[in-house]
Student: 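Quick one: the structure is below, and I'll ask about it shortly.
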Amino acid sequence: MHTGVSIIDYNSIDRHWQEEWDRAKIFEANLSDKPPFMVTAAFPYVNAPHHIGHLRTYGTADLLARYKRMRGFNVLFPMGFHGTGTPILAFAKRIRENDAELINEFKIFHIPEEEIRKMTDPEYIVEYFAKEVENGMRRTGLSIDWRRKLVSIEPIFSKFIEWQFKVLDENGLLVRGDHPVGWCTNENNAVGSHDTRHDMEPEIEEQTAIKFKVEGEDASLACSTYRPETLFGVTNLFVKDPAIYALCTVNGEKVYLAKEAAKILKSQMDLEIQSEIPSSEILKKRCVNPLTGEAVPVLPGFFVRESMGTGIVMSVPAHAPFDYAAIQRLEQSGYPVHALPPKKVIDVQIGRSLSDVSEGEAKPSQTEVPSLAYLEILHTGPNAINDMLEFATKLQYREESHWGKMAVKGYEGMGEPEARERITKLLIDGNEAFKIYIIGNAPVVCRCGTEAIVKIIKGQWFLNYGDEKWKSAAREVFAKMDVKPDKLRKTFEAAIGWLNLRAVARAQGLGTKFPLDRNFMIESLSDSTIYMALYTFIHHIRGVDANKLIPEFFDYVLLGKGDAEAVSKATGIEYETVNRARESFSYWYRETSRHSGADLVFNHLTMYIFNHSIIFGKEYWPKHMVVNGSVLSEGEKMSKSLGNIIPLEEGIERYGADPIRIAVIAGADLYSDSEFSAAAVNGIKERIEYLNGIIDGIDNYQTSELKKVDYYLYSVLNRKVDSATRHMESLELRDASTEILYNSVIELKRYFKRGGANGIVIKDFVQSVVLMLQPFAPHVAEELWHNLGNGTLASLERWPALNKELIDEKAERLDNLVDEACEDIKRSLSLMAKKGNRAPKEIRLIVASDWKRDAANRLAETRKASDVIDAVSSGNGGVGKEKIADYVAKIAKRLNEVRRIDISQEEEFSSLKEAEDYIAKECGAKASVEKEGESDSQRADRSAPMKPSIEIRF
RNA sequence: GCAGGGGUGGCAGAGCUUGGUCAAAUGCGACGGGUUCAGGGCCCGCUUCCUUUAGUGGAUUCGUGGGUUCAAAUCCCUCCCCCUGCACCA
């Protein structure tokens, strides 16, 4: 008998089969007559070894590669490493500075100290981690053709990227312009999130600075605001007091700003500080609203910040709780305010998004001063704490911009966003205002300790993804692409529409020099949009001097321009090599599938589509794209700082490569995050080991004539093949693995419980399961395949074919009948037990007569009870008409539930009869089956087709 | 704010494209029982409420509030809430 479970030494079978694969070179893909299928995954950035989360993308890609191989494709799965950009440089610098935090992080991965010491050299970092990552991938059993390995900082790669940028430039897609960036004035460098403390991304927001002419002076106060449309409601201006302000020249005009603000804005515009002036002087001025012509006073505002915007704000008490509160507080303190009265400029139903307001429980007592009304419905007032005012501000802002209508002449009824746009344009065109940028999530602090500001970079190089021709080409590529999951289509369409200018040149970083200005480097996402094409032939040009890789070479290989002989002459590269490169590219690039994690949708993947659309011919456009979710550990994303990382190699050693593969790749739907847990891995191992146990003991089963259970198992097997294949085709990997691993084990157990024991049937079943398991668990599959007596490699076998003939719906229904009968018996028993009945002595099942089936079938067709009664009684001499009428009347009550039944009494009977022992065991009493018409049971009449009557004796 | 995704039973998570067979798959957890020492494992049952002296019948459920329909978790509209991205960062 089978043992059910046996222990597998995963690490040793992993090693063994990896060696076998290497020896047989089965993943080295060469041109052939078979249809090509090329799978690429976003190459990893090599600044650390991988953890099990990285396996999600690479494992999913590998799974597809392995599956497609089994489906008869010639599959190429290459891999490379990304080292471009600044992080690795920054890394080397931190190592040089002996950064304790960083060195601590490395301890998670057990990196030897002497290696860390060598990492002051950025190129060594790339070399070291590329090796580490490759090693991890090999140990995971990824079916990669390692001959094609490349690194993004090697000369061949750079030559290729230079060619790419030449093509982009020829298409007019490289443009220059000004661009705001987060900036550190101390290091004189742009700051991204990895340059800041707590990895904060500087969020750059646009504000409008509106000029209020000072009465009696040739100068203005510049107020910064997000809401120029509220200009109609300005009652005064606010400045910080005490504070230092400054008279500046901005583009030749005199403008007052807070001194701190002026220092920051210097990096955005032509601005000079002329003289300093205390806030007390500013407070004496009166200024003119450029839109209404009204003169308003300047007041001290408790909430004004000198470094935010211009350090001066306009006061709109009707629409800004802070402004209203500030004025109230000034009045309370006896300050001579003299501001204009609050003026409502936007109408909205106050508090409509709050439930207690919309239900009428809290209504403001007035609506003429909306900001006060907002404070009121929040049960507070002008003296509220700042957090409360902040909350009221957000609520009011949201409701007004969402539903508000302008209540000002010329703009009546207009929505706020539209009014804002128009008024802003009006002001800027009339030189009454100018744009400024601020850090929205300030303070963002650079690692050096300086607070970041916004700087406008002049003459920056951009890749113009906003170009309409380019966009429509990208849309065309995308329209023809197959995307998984399909629900991402809209997201991609949005991303294609949204992508605009992208700065491509950087002052520093590893990688390729920017061809149009060699003082700059190509930015690191822009150099990895079409590199997959390089995999198709890079192993053919490995020995070639990179300097020979002039544009003519790539023009020919990738675009088919010119001919091999001429190119060979022009480049000095051997004719054979040129030729082979072109052949390889044009073979492999016909059918490609691109894989990455969900985080790359809005940048890499979309740029990938764009770049392919403009550079390659239609036949080489990408065909498939697959986006996967990530892996969570204890509900959290894995991160070094959280310390919840499981390094890949450590995980493999602990759990074995295959259980981890299944847990990570098939633990959730393709696009959902999967939760990694030891419990899940154990569940997987249990099933694997159950299958292993069956195979170990398979010789104990004799081969004999097929019984009902056997037909049933064949039927179920083919159903599994069918649905597993469907799931694999649409990469519903969780469903596929459930079907293959979990459900097959359930079916096997059920088979044995029913008394199934036919050796050949079991073997057929298990063989198919093992093959379908191969893409998920290749090492285990090889081992089990081998243990089943096969001399071939499972990795090279064909995916099990569906044999539709063996799907026997009737067999399955008859089998289910047994389970349903048991369920009914048990339900009755438990109900009886509640009433105090003892254990049952005997269970009798009575199978309904054929005339009942006849009646049901007729009723299903004609739907007329009286006709059915006549027809059935005339054809069934032995049964009384009254009995028939009773039965028909009963089922006719639920006419629309009546279905055709094509299973006879005899079939139903023999199926149950064969399962008598099983039923007895399940229900805990002797069980017998008899036929209605031959039974003397009182309850025989109650039997219905597929629902035998049950009589229980106690 | 803009864009995309999402809100389902104790939790996780299907189903919603093609309305009914959905009180809602599956897994986990909890509870009860068995497996005749405990624990684990395994097996069985149960896990909205009521009802049923035998396998039953009914009510109320799928973020909120409306609507369409003989019929809605599933279609339409509204609002609320959550997640992700928003660019020079790989």
Side-chain angles (χ1 to χ4, degrees), chain A residues 4-5 42 44-45 47 82-88 179-182 190-196 199 201-205 226 352-355 358-359 394 397-398 401-403 417 420 440 457 460 462-463 465 486-495 497-506 509 523-526 528 598-604 607 635 667-669 671-673 675 677 679-680 683 686 732 734-735 738 742-743 749 753 820-837 840 896-897 899 922-924 939 942 947-952 954:
Chain A
V5 170
Y45 192 74
N47 61 352
H82 199 197
T84 315
T86 50
I88 287 178
H179 186 60
V181 296
V191 288
S193 62
H194 65 278
D195 303 309
T196 64
D199 285 341
E201 179 74 40
E203 289 170 17
I204 295 171
E205 287 178 4
Y226 288 108
R352 67 176 279 188
S353 60
L354 300 176
S355 60
S358 57
E359 282 157 22
K394 284 197 172 135
Y397 184 36
R398 191 181 61 201
S401 67
H402 206 158
W403 302 296
R420 178 176 310 156
I457 309 275
Q460 168 71 281
F462 295 96
L463 212 38
Y465 289 106
D486 192 58
K487 67 175 173 187
L488 243 41
R489 287 209 90 84
K490 271 202 236 162
T491 306
F492 273 107
E493 279 158 14
W498 164 86
L499 210 59
N500 200 349
L501 296 173
R502 184 176 180 93
V504 288
R506 288 300 125 78
E523 174 271 330
S524 62
L525 281 189
S526 300
S528 50
D599 51 335
L600 297 185
V601 168
F602 270 85
N603 42 58
H604 168 72
M607 290 160 68
D669 287 340
Y671 191 62
S672 314
D673 292 342
E675 175 75 35
S677 70
E686 260 167 39
E732 290 153 1
R734 193 185 73 129
D735 292 339
T738 304
Y742 287 73
N743 293 349
K749 287 184 177 176
K753 249 168 81 174
E820 282 162 21
C822 286
E823 229 170 79
D824 282 349
I825 295 165
K826 285 175 187 166
R827 195 166 302 162
S828 297
L829 285 174
S830 75
L831 200 56
M832 301 292 282
K834 270 193 228 164
K835 307 296 175 192
N837 268 298
N896 48 5
E897 286 174 22
R899 298 275 180 277
E922 281 290 296
C923 303
R939 298 174 60 87
R942 296 174 59 101
K947 203 157 179 67
S949 174
I950 300 163
E951 180 170 343
I952 303 169
F954 294 90

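Keep in mind it's a predicted model, so treat the numbers as computed, not measured. First the proteins, then the strands, lettered A, B, ... as listed; each starts at 1. Because only heavy atoms are used, hydrogens play no part in the values below, and waters and symmetry mates are left out as well, while side chains stay in.
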Student: So if I take every side-chain heavy atom of A:Ala494 and compare against B:G55, B:G5, B:A3, which nucleotide ends up nearest?
Tutor: B:A3

Student: Please give, in whole Å, the distance from B:A3 P to A:Asn500 CG?
Tutor: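 Going from CG in A:Asn500 over to P in B:A3 covers 16 Å.
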
Student: Starting from the 5' end of RNA chain B, give me the residue, A:Phe462 or A:Ala821, whose nearest nucleotide shows up first.
Tutor: A:Ala821

Student: Could you tell me the separation between the CG atom of A:Leu463 and the CE atom of A:Met607, rounded to the nearest 0.5 Å?
Tutor: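 A:Leu463 CG to A:Met607 CE: 7.0 Å, rounded to 0.5 Å.
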
Student: Nearest whole angstrom, please: distance from the C1' of B:G4 to the CZ of A:Phe492.
Tutor: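 In whole Å, B:G4 C1' lies 11 Å from A:Phe492 CZ.
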
Student: Return the nearest nucleotide to the side chain of A:Glu523; candidates are B:G55, B:A90, B:C42.
Tutor: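 Among the listed nucleotides, the one closest to the side chain of A:Glu523 is B:A90.
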
Student: Consider the side chain of A:Lys753, meaning its heavy atoms from C-beta on, and name the nucleotide among B:G4, B:C44, B:G55 that approaches it most closely.
Tutor: B:C44

Student: Taking all non-hydrogen atoms of both residues, which atom of A:Pro417 and which atom of A:Ser401 are closest, and how far apart?
Tutor: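 Heavy atoms only, the tightest pair is CD-O, 3.6 Å.
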
Student: Students often get this wrong, so: under 4.0 angstrom with heavy atoms, is A:Leu501 touching a base, only sugar-phosphate, or nothing?
Tutor: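 Base contact.
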
Student: How close or far is atom C1' of B:A90 from atom NE2 of A:His604, stated in whole angstroms?
Tutor: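 Between C1' of B:A90 and NE2 of A:His604: 12 Å.
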
Student: Scan A:Arg942 against the nucleic acid and name what it touches under 4.0 Å (heavy atoms): base, sugar-phosphate only, or nothing.
Tutor: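 A:Arg942: base contact, heavy atoms under 4.0 Å.
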
Student: Whether A:Ser524 contacts B:A90 is assessed here as follows: a side-chain N or O lying under 4.0 Å from the phosphate OP1 or OP2. Is that the case?
Tutor: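 For B:A90, OP1/OP2 do have a side-chain N/O of A:Ser524 under 4.0 Å.
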
Student: Within this structure, what is the CG-to-P distance between A:Asp486 and B:G5, rounded to whole angstrom?
Tutor: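 Taking CG of A:Asp486 and P of B:G5, I get 12 Å after rounding.
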
Student: Taking the same atom, P, in B:A23 and in B:A72, what whole-Å distance lies between them?
Tutor: 12 Å

Student: Is there a side-chain contact between A:Leu501 and A:His179, using heavy atoms and a 4.5 Å cut-off?
Tutor: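 Answer no - side chains too far apart.
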
Student: When rounded to the nearest 0.5 angstrom, what distance separates CG in A:Leu488 from CD in A:Glu493?
Tutor: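 Taking CG in A:Leu488 and CD in A:Glu493, the distance rounds to 10.5 Å.
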
Student: Please give the distance between the P atoms of B:C11 and B:G4 as a whole number of Å.
Tutor: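 Here B:C11 and B:G4 have their P atoms 30 Å from each other.
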
Student: When you measure from the side chain of A:Arg398, which nucleotide among B:G1, B:A54, B:G55 comes out closest?
Tutor: B:G1

Student: With sugar-phosphate meaning primed atoms plus P, OP1 and OP2, does A:Ser528 contact a base, only sugar-phosphate, or nothing at under 4.0 Å between heavy atoms?
Tutor: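 No contact.
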
Student: Run A:Tyr45 and A:Ile88 through side-chain contact (heavy atoms from CB on, under 4.5 Å) and show every step you take.
Tutor: CA-CA 9 Å; A:Tyr45 192 74; A:Ile88 287 178; 3.2 Å; yes

Student: Which one is paired to B:G85, where only Watson-Crick or G-U wobble pairs with both distances under 3.5 angstrom count?
Tutor: B:C2

Student: For A:Trp498 and B:G85, do the ring centres fall under 5.5 Å apart while the planes stay under 30° apart?
Tutor: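 Here the ring of A:Trp498 and the base of B:G85 are not stacked, as the 5.5 Å and 30° limits are not both satisfied.
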
Student: Expressed as a whole number of Å, how far does the C1' atom of B:G67 sit from that of B:C2?
Tutor: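 Per the computed distance, 29 Å lies between those C1' atoms.
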
Student: Is there a side-chain contact between A:Thr491 and the phosphate of B:A3, meaning an N or O under 4.0 Å from OP1 or OP2?
Tutor: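 Looking at the OP1 and OP2 atoms of B:A3, neither is under 4.0 Å from any side-chain N or O of A:Thr491.
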
Student: Look through every strand shown and name the nucleotide pairing with B:C46 as Watson-Crick or G-U wobble, where both distances are under 3.5 Å.
Tutor: none

Student: Under a 3.5 Å distance rule, please check whether A:Arg939 uses its side chain to pair with a backbone N or O of A:Ile950 as donor and acceptor.
Tutor: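 Confirmed, A:Arg939 side chain pairs with A:Ile950 backbone.
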
Student: Compare all side-chain heavy atoms of A:Thr84 with those of A:Ser528 and state whether any distance is below 4.5 angstrom.
Tutor: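 No, too far: nothing below the 4.5 Å cut-off.
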
Student: Indicate yes or no for a side-chain donor-acceptor contact from A:His82 to the backbone of A:Ser524 under 3.5 Å, with no hydrogens or angles considered.
Tutor: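 Present.
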
Student: Among B:A54, B:G1, B:C89, which nucleotide sits nearest the side chain of A:Ile952?
Tutor: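 Closest of the options to the side chain of A:Ile952: B:A54.
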
Student: Using a cut-off of 4.0 Å on non-hydrogen atoms, how would the nucleic acid contact of A:Pro948 be classed: base, sugar-phosphate, or nothing?
Tutor: base

Student: Work out how far the P atom of B:U36 is from that of B:C43, and round it to whole angstrom.
Tutor: 16 Å

Student: Can you sort out the partners of A:Asp673 under side chain to side chain donor-acceptor pair (under 3.5 Å), two or more places apart, ordered by chain and number?
Tutor: A:Ser630

Student: In the structure I gave you, are the side-chain heavy atoms of A:Thr491 and A:Phe602 within less than 4.5 Å of one another anywhere?
Tutor: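 A:Thr491 reaches A:Phe602 side chain to side chain.
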
Student: Please tell me which of the listed nucleotides, B:C89, B:U56, B:G6, lies nearest to the side chain of A:Lys947?
Tutor: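 For A:Lys947, the side-chain atoms sit closest to B:U56.
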
Student: When you match A:Tyr671 and A:Gly182 each to their closest nucleotide on RNA chain B, which lands nearer the 5' end?
Tutor: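 With A:Tyr671 and A:Gly182 compared, the 5'-side residue is A:Tyr671.
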
Student: Categorize A:His179 for me: base, sugar-phosphate, or nothing, with a 4.0 angstrom heavy-atom threshold over every strand shown.
Tutor: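 If one applies the 4.0 Å heavy-atom cut-off, A:His179 turns out to touch a base.
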
Student: Where the side chain of A:Arg939 is concerned, which of B:G4, B:C89, B:G55 is the nearest nucleotide?
Tutor: B:G55

Student: Could I get the full list of side-chain contact (heavy atoms from CB on, under 4.5 Å) partners for A:Trp403, not counting sequence neighbours?
Tutor: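 Applying side-chain contact (heavy atoms from CB on, under 4.5 Å) to A:Trp403 gives A:Val348, A:Arg352, A:Ser353, A:Glu399.
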
Student: Between A:Leu499 (CG) and B:A3 (P), how many Å, whole number?
Tutor: 17 Å

Student: With both distances under 3.5 Å as the test, what is the Watson-Crick or G-U wobble partner of B:C62?
Tutor: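 With both distances under 3.5 Å required, B:C62 matches none.
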
Student: Could you list all N or O pairs between the protein and nucleotides 74-79 of chain B that sit under 3.5 Å apart?
Tutor:
{"residue": "B:C79", "atom": "OP1", "partner": "A:Trp403", "partner atom": "NE1", "Å": "3.4"}

Student: Mind checking what makes ring pair (Phe, Tyr, Trp, His ring centres under 6.0 Å) contact with A:Phe492, not counting sequence neighbours?
Tutor: A:Phe478

Student: Where do A:Ser949 and A:Arg942 come nearest, in terms of heavy atoms and distance?
Tutor: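 That would be OG-CB, 3.8 Å.
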
Student: For atom C1', what is the distance between B:C75 and B:U17, given to the nearest Å?
Tutor: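 The same atom, C1', in both gives a distance of 11 Å.
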
Student: Grab the N/O contacts between the protein and nucleotides 14-19 of chain B below 3.5 Å, and write none if there aren't any.
Tutor:
{"residue": "B:A14", "atom": "OP1", "partner": "A:Asp669", "partner atom": "OD2", "Å": "2.7"}

Student: For nucleotides 9-12 of chain B, print each protein N/O atom paired with a nucleotide N/O atom at under 3.5 Å, atom names and distance only.
Tutor:
none

Student: Output the distance between atom CG (A:Asp669) and atom CG (A:Asp735), rounded to the nearest 0.5 Å.
Tutor: 6.0 Å

Student: Consider the side chain of A:Glu686, meaning its heavy atoms from C-beta on, and name the nucleotide among B:C42, B:G55, B:G5 that approaches it most closely.
Tutor: B:C42

Student: OP1 or OP2 of B:C2 sitting under 4.0 Å from any side-chain N/O of A:Arg420?
Tutor: no

Student: Measure CE/A:Met607 against P/B:C86 and give the value in whole Å, please.
Tutor: 13 Å

Student: Under 4.0 Å between any heavy atoms, over every strand shown, what does A:Glu951 touch: base, sugar-phosphate, or nothing? Just pick one.
Tutor: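 Base, at least one base heavy atom under 4.0 Å.
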
Student: Verify the contact: side-chain N or O of A:Lys826 to OP1 or OP2 of B:C43, cut-off strictly under 4.0 Å; return yes or no.
Tutor: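 For B:C43, OP1/OP2 do not have a side-chain N/O of A:Lys826 under 4.0 Å.
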
Student: Taking the side chain of A:Arg502 as its heavy atoms from C-beta onward, which of B:A54, B:A87, B:C43 lies nearest to it?
Tutor: B:A87

Student: Can you give me the closest heavy-atom contact between A:Val181 and A:Ala190, atom names plus distance?
Tutor: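 So the minimum-distance heavy-atom pair works out to CG2-CB, 4.3 Å.
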
